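Everything below concerns the one structure shown next.
Keep in mind it's a predicted model, so treat the numbers as computed, not measured.
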Amino acid sequence: MTVTEPGTEPVTERVTLAAGASDAEIIAAVEAWLRAHLPEDWQAAVARGDLAAVEAIREDPERGPAWFDLLGDSGLATPTWPVEHGGLGLPADRGAVVTETLARYRAERHNRDFVGLVLAGHTILEWGSPEQKAERLPALRRGREFWCQLFSEPGAGSDLAGLSTRAVQQADGTWLVNGQKVWNSYAHLADFGLLMARTDPSAPKHRGITYFLLDMRTPGVEPRPLKQMTGNAEFNETFLTDVVVPDSARIGPVNQGWSVAITTLMQERNGLSGRPAVGPGEADELVARAVGNGSWEDPVLRDRLLEAYVEEKVLQMTTVRSFVASGDAAPTAEGSIRKLAHSVLAEKLGVLGTDLEADGAVAWDPAEGSEAADRFLAMKTYSIAGGTSEIQRNIIAERVLGLPKDPDPERHLPFNERGRG
Ligand SMILES: Cc1cc2nc3c(=O)[nH]c(=O)nc-3n(C[C@H](O)[C@H](O)[C@H](O)COP(=O)(O)OP(=O)(O)OC[C@H]3O[C@@H](n4cnc5c(N)ncnc54)[C@H](O)[C@@H]3O)c2cc1C
């Protein structure tokens with residue numbers, strides 16, 4: 001399919017979009033493809049707004065994967081990936097139009113695929129060997145492999161480069177890994193993990209780390225679910241005990257894993273900074289709820305809702321602007337500004353949601369759950385995940401505003417000599 005005559009071309013499974021295509025041309029081409037390929041009952045459920053029915057198809061053990069295979073092969077699941085790796089080769093802002101169009105049909109990839117599709121995908125594209133690309137990218141594109149991130153440790157979160165999980169290379173070239181990770185979302189379900197481990201403790205902390213694509217089924221890998229205050233248990237602490245990792249699972253050079261991690265972290269911040277499209281968002285949902293339950297009549301609440309509404313739209317526009325400006329370039333520290341703004345907004349929306357439905361937020365039936373309470377309890381997510389708001393402020397200060405670095409007198413000391421003075 002091309003975008004020269006939107007909607008009129010013969011539909012093939014593989015989509016082709018020109019980098020210079022307009023929003024309207026991209027939307028028309030994606031919609032034409034969806035009309036030809038999205039199952040009819042799915043399209044009908046979307047048309048009548050029956051989200052439960054759509055979710056049932058998406059989660060169906062046969063129909064869900066079949067759809068995501070097709071989406072992956074079309075290139076639409078990975079619009080910014082290079083064409084030779086099954087993407088459409090579009091710049092970030094054009095890719096966002098594709099993803100937003102899919103989202104209107106609830107046909108986009110699951111949120112829980114973020115680590116695989118965005119973090120692992122882009123890290124492998126930038127740093128992977130030809131073999132790693134050939135082995136991992138097709139499955140990532142189709143959602144056939146589920147990934148987790150094994151970065152944080154009990155003693156290394158904000159100071160990620162202070163991690164102490166050890167990987168020691170053995171005589172046969174394999175690596176023996178021992179340590180403990182924590183806060184690993186969905187690690188108990190994952191096929192692969194993005195793992196950072198210390199390989200040279202005698203080097204300064206940023207220089208002795210190596211990055212691996214860990215097969216989570218390897219003996220000695222033990223994720224243990226952690227229950228959160230929302231009642232869900234998406235998090236894990238992951239114990240690594242005498243895990244033997246082949247050298248072919250190493251991504252990037254030995255002891256240069258921090259550079260590889262920067263790619264992952266930039267993608268993470270960029271991805272956690274809100275939708276790259278101007279349209280209905282969380283504030284719109286809250287406005288609808290307030291109108292529905294009468295709290296819209298309260299002038300103070302209405303004022304707060306409108307303020308949040310405007311902030312969300314401004315953030316969306318800024319995100320679009322930033323995607324357009326960056327084009328094909330990798331995300332930069334500027335993403336920290338949007339991540340910070342999104343975190344502040346998410347908290348504001350969490351509190352507002354509670355104030356709109358005070359009863360549902362403080363006294364709910366645990367068997368039925370409460371959307372207001374869930375939103376309130378989860379509202380800190382964005383201000384911690386992917387680097388806390390304080391860390392984003394540090395990054396903005398140092399790398400965007402050019403202010404002096406946080407003092408760290410031990411920065412250049414070997415890792416194993418830190419903390420002795
Ligand atoms: C929803 C969610 C999902 C997550 N998923 C994953 C995952 O899949 N994989 C993974 O590896 N990790 C994951 N994390 C962990 C997350 O990356 C860490 O929680 C985060 O980096 C903070 O680290 P920490 O919890 O160790 O806090 P700490 O680093 O101990 O920080 C404690 C407090 O001190 C502040 N602070 C620390 N250093 C500074 C400084 N230099 N200047 C100013 N203030 C500072 C912090 O801002 C924070 O308020 C997830 C976290 C959340 C909330």
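The aromatic rings of W33 and W67 are tilted relative to each other, their planes meeting at an angle between 30° and 60°. By the 30° and 60° cut-offs, the orientation of the rings of W81 relative to H122 is perpendicular.
One finds no salt bridge joining D93 and R321 here, because no Lys/Arg side-chain nitrogen approaches an Asp/Glu carboxylate oxygen to under 4.0 Å. By the 4.0 Å N-to-carboxylate-O rule, E285 lies close enough to R375 to be salt-bridged with it.
With a 6.0 Å cutoff to the six-membered ring centre and a 45° limit on the axis angle, R198 counts as a cation-pi contact of F415.
Side chains of Q267 and T123: no donor on one and acceptor on the other come within 3.5 Å. In this structure, a donor-acceptor pair under 3.5 Å is present between the side chains of S295 and N293. With no hydrogens or angles considered, no side-chain donor-acceptor pair links Y382 and E347 at under 3.5 Å.
Of the possible donor and acceptor atoms, one in the side chain of T101 sits under 3.5 Å from a partner among the backbone N and O of V97. Using a distance-only test at 3.5 Å, with no hydrogens or angles considered, no donor-acceptor pair links the side chain of E100 to the main chain of V278. Checking side-chain atoms of E153 against main-chain N and O of T165 turns up a donor-acceptor pair under 3.5 Å. Not a single donor-acceptor pair under 3.5 Å links the side chain of H206 to the backbone N or O of W258. Under the 3.5 Å distance criterion, the side-chain polar atoms of Q132 are left unmatched by any main-chain donor or acceptor of I124. Panel note: side chain R112, backbone F114; no donor-acceptor pair is recorded below 3.5 Å. Using modelled atom types, no side-chain atom of Q180 and backbone atom of E237 make a donor-acceptor pair closer than 3.5 Å. The backbone N or O of A21 sits less than 3.5 Å from a side-chain atom of R94, completing a donor-acceptor pair. Under a 3.5 Å cut-off, the side chain of E25 and the backbone N or O of S22 do form a donor-acceptor pair. For E398 (side chain) and D406 (main-chain N/O), a donor-acceptor pair under 3.5 Å exists by modelled atom type.
Residues L377 and Q228 form no side-chain contact, since every pair of their non-hydrogen atoms from C-beta on lies 4.5 Å or further apart. Between D113 and F146 the shortest side-chain heavy-atom distance falls below 4.5 Å.
Paired with L88 under the rule side chain to side chain contact (heavy atoms under 4.5 Å, CB included), one option of I26, T78, L76, T16 passes, and it is L76.
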R109/L102 under side chain to side chain contact (heavy atoms under 4.5 Å, CB included): CA gap, chis, key distance, verdict: CA-CA 9 Å; R109 287 282 293 276; L102 293 176; over 6 Å; no
Criterion side chain to side chain contact (heavy atoms under 4.5 Å, CB included) on R104 and I27, from CA distance to verdict: CA-CA 11 Å; R104 282 196 286 108; I27 292 167; 3.5 Å; yes
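Atom CG of D355 sits about 4.5 Å away from atom CZ of R304, to the nearest 0.5 Å.
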Distance-only donor-acceptor hits, side chain of residues 385-397, under 3.5 Å, sequence neighbours excluded:
from: T388; atom 1: OG1; to: E390; atom 2: OE1; distance (Å): 3.4
from: T388; atom 1: OG1; to: I391; atom 2: N; distance (Å): 3.3
from: Q392; atom 1: OE1; to: S336; atom 2: OG; distance (Å): 2.8
from: Q392; atom 1: NE2; to: G386; atom 2: O; distance (Å): 3.4
from: Q392; atom 1: NE2; to: G387; atom 2: O; distance (Å): 3.0

